[in-house]
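To start, the structure itself, in structure tokens.
Being a predicted model, the structure only gives us computed values, none of them experimental. When a residue number appears, it is its place in the shown sequence, counting from 1.
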Amino acid sequence: MNPADLDHAILTHVNAKAKVLEDALASDVICYFGTIHPQITRPFRNFVEEVKKASSRTENTLTIVLRSPGGSAETAERMVSVVRHHYGTVNFVVPDHAMSAGTIFCMSGDRIYMDYSSALGPIDPQVMSSDGSGYIAALGYLDKVSEITAKAVLTPADVVFLRSLDLGKLALYEQAKNLSISLLKKWLVVYKFKDWTEHRTTNPGASVSLEEKEARAEEIAAALSDNKRWHMHGRALGIDRLLELRLEIDDYSKDENLRVAIREYNDLLTGYADRQNMPIYLHSHHTETP
């Protein structure tokens, strides 16, 4: 079989698995694999528009199967605006990992589906490096500056480090941090907590106020943005750790039908995208955009 025929056979099989997953979730399903990069904003908008137009489902629900190392929080914000324009309910499935801006993107969902091997990450903002070669985590720089400036006496090495800093970049890093936290707090209250109307543990049955939702969102945002707590940008936070933060996750580990549907779609498609060496890949059974 030549490569073109093989790719066609794989995508035909993937599309069949996508339809099975759509029925299991009663939802349109798309996947997004790759960095959340500003250049994807327009293709993502066009892709979602095409999926919505082609869909015959009556549910106004979209599920995004997401695998991402992170990227731009500003781009995640624009992507949320796109999907929320077209769908009343947006859910996320994270079979593997969604880090940094991927985690921020997930926090705009009504539901987040994960299993025991899935991971989100700290919302350490990422900014483009000086040479434009890729994204770098910003909180490490901010933490180092705070550590040095808190010293009573600076060493010569400290002075050299501080003199080498670009104050404009430090301001950008601080803005990126504040934006990440702001988006998380906003989206948790508006989307994730929208159906949280009664307390279940503390004071069961009592109504949940807007102030209580905002306080919970603030608590989660502060924890996920605490670089000292997680020690490293790429720290994998599984379901257990997320539940400790009192973030509700839909665990499909023991739902055999759903687990099989997700893995058969995700594993086949990620294998295909990786083999094609595609840094960013969008898929729907209606259309696929390398």
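Each of Leu269 and Val20 belongs to its own hydrophobic cluster when Ile, Leu, Val, Met, Phe, Trp and Tyr are linked at side-chain heavy-atom distances under 4.5 angstrom. The hydrophobic clustering, which links ILVMFWY residues whose side-chain heavy atoms are closer than 4.5 Å, places Val190 and Val80 together. Criterion: ILVMFWY side-chain heavy atoms under 4.5 Å apart, direct or through other members. Under it, Val260 and Met114 are not part of a common hydrophobic cluster.
Residues satisfying the side chain to side chain donor-acceptor pair (under 3.5 Å) criterion with Asp274, sequence neighbours excluded, are Arg67. Take Tyr87 and apply the ring-ring contact (aromatic ring centres under 6.0 Å, His included) test, not counting sequence neighbours, and it matches no residue. For His85, there are no side chain to side chain contact (heavy atoms under 4.5 Å, CB included) partners two or more places apart in sequence or in a different chain.
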Exercise. Can you check side chain to side chain contact (heavy atoms under 4.5 Å, CB included) on Ile112 and Asp250, steps first, answer last?
Worked result: CA-CA 6 Å; Ile112 303 171; Asp250 286 89; 6.0 Å; no
For this session: Determine, step by step, whether Val189 and Leu210 satisfy the side chain to side chain contact (heavy atoms under 4.5 Å, CB included) criterion, reporting the C-alpha distance in whole Å, the side-chain angles of both residues, the deciding distance to 0.1 Å, and the verdict.
Result: CA-CA 8 Å; Val189 171; Leu210 175 61; 3.8 Å; yes
Exercise. Taking it one step at a time, do Leu120 and Met107 satisfy side chain to side chain contact (heavy atoms under 4.5 Å, CB included)?
Worked result: CA-CA 10 Å; Leu120 301 181; Met107 295 301 158; 3.9 Å; yes
Exercise. Given the rule in the ring pair (Phe, Tyr, Trp, His ring centres under 6.0 Å) test, do Tyr265 and His283 qualify, once you have shown the distances and angles that lead to the verdict?
Worked result: CA-CA 11 Å; Tyr265 174 63; His283 178 268; 5.6 Å; yes
For this session: Applying side chain to side chain contact (heavy atoms under 4.5 Å, CB included), run through Asn60 and Thr89 and close with a yes or a no.
Result: CA-CA 6 Å; Asn60 189 27; Thr89 300; over 6 Å; no
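If you check the side chains of Tyr272 and His13, you find no donor sitting under 3.5 Å from an acceptor. Thr63 and Ser27 share a side-chain donor-acceptor pair at under 3.5 Å.
Side-chain contact between Tyr113 and Leu25 is present, with at least one heavy-atom pair separated by less than 4.5 Å. Contact annotation: the side chain of Val29 never approaches that of Val93 to less than 4.5 Å [non-hydrogen atoms, C-beta and beyond]. Counting heavy atoms from C-beta outward, Ile123 and Leu184 have side chains that approach closer than 4.5 Å.
Remark: Glu214 does not engage Lys185 in a salt bridge, criterion side-chain N to carboxylate O under 4.0 Å. Checked for salt-bridge contact, Asp23 and Arg57 meet the test: a charged N lies under 4.0 Å from a carboxylate O. A salt bridge does not link Lys254 with Asp115: every distance from a Lys NZ or Arg NE/NH1/NH2 to an Asp or Glu carboxylate oxygen is 4.0 Å or more. Contact check on Asp110 versus Arg84 returns a salt bridge, with a Lys/Arg side-chain nitrogen under 4.0 Å from an Asp/Glu carboxylate oxygen.
Put simply, SG on Cys106 and OH on Tyr191 are 14.5 Å apart, with the number rounded to the nearest 0.5 Å. The CD1 atom of Ile280 sits 4.5 Å away from atom CD1 of Ile40, with the distance rounded to the nearest 0.5 Å. Separation of atoms CZ (Arg216) and CD (Glu211) is listed at 14.5 Å; rounding is to 0.5 Å. Atoms CD and CD1, on Gln276 and Ile10 in that order, are 7.5 Å from each other to the nearest 0.5 Å. In this structure, the separation between CZ on Arg45 and NE2 on His86 is 9.0 Å, given to the nearest 0.5 Å. Taking CG of Leu247 as the reference point, atom CG of Leu237 lies at 10.5 Å (rounded to 0.5 Å).
At distances below 3.5 Å, not a single donor-acceptor pair connects side-chain atoms of Ser100 with backbone N or O atoms of Gly102. Of the possible polar contacts, none joining the Ser182 side chain to the Asn178 backbone as a donor-acceptor pair under 3.5 Å is found. Side-chain atoms of Ser55 never come within 3.5 Å of backbone atoms of Val51 as a donor-acceptor pair (strictly under, hydrogens ignored). For Thr103 (side chain) and Gly121 (main-chain N/O), a donor-acceptor pair under 3.5 Å exists by modelled atom type. In terms of modelled atom types and a separation under 3.5 Å, the side chain of Asp226 and the main chain of Ala222 share no donor-acceptor contact. Distance alone, capped at 3.5 Å, is enough to place a donor-acceptor pair between the Ser68 side chain and the Gly70 backbone. Glu264 places no side-chain N or O within 3.5 Å of a backbone atom of Lys17 that could act as its donor or acceptor partner. Of the possible donor and acceptor atoms, none in the side chain of Ser108 sits under 3.5 Å from a partner among the backbone N and O of Ile104. With hydrogens and angles disregarded, no donor-acceptor distance shorter than 3.5 Å links the side chain of Arg78 to the backbone of Thr41.
Few gaps surround CD on Glu49; more than 12 heavy atoms of other groups in view lie less than 6.0 Å from it. More than 12 heavy atoms of other shown residues, nucleotides or ligands fall within 6.0 angstrom of atom CZ in Arg263.
Side-chain rings of Phe92 and Phe105 approach one another, their centers coming within less than 6.0 Å. His37 and Phe44 have their aromatic ring centers separated by at least 6.0 angstrom.
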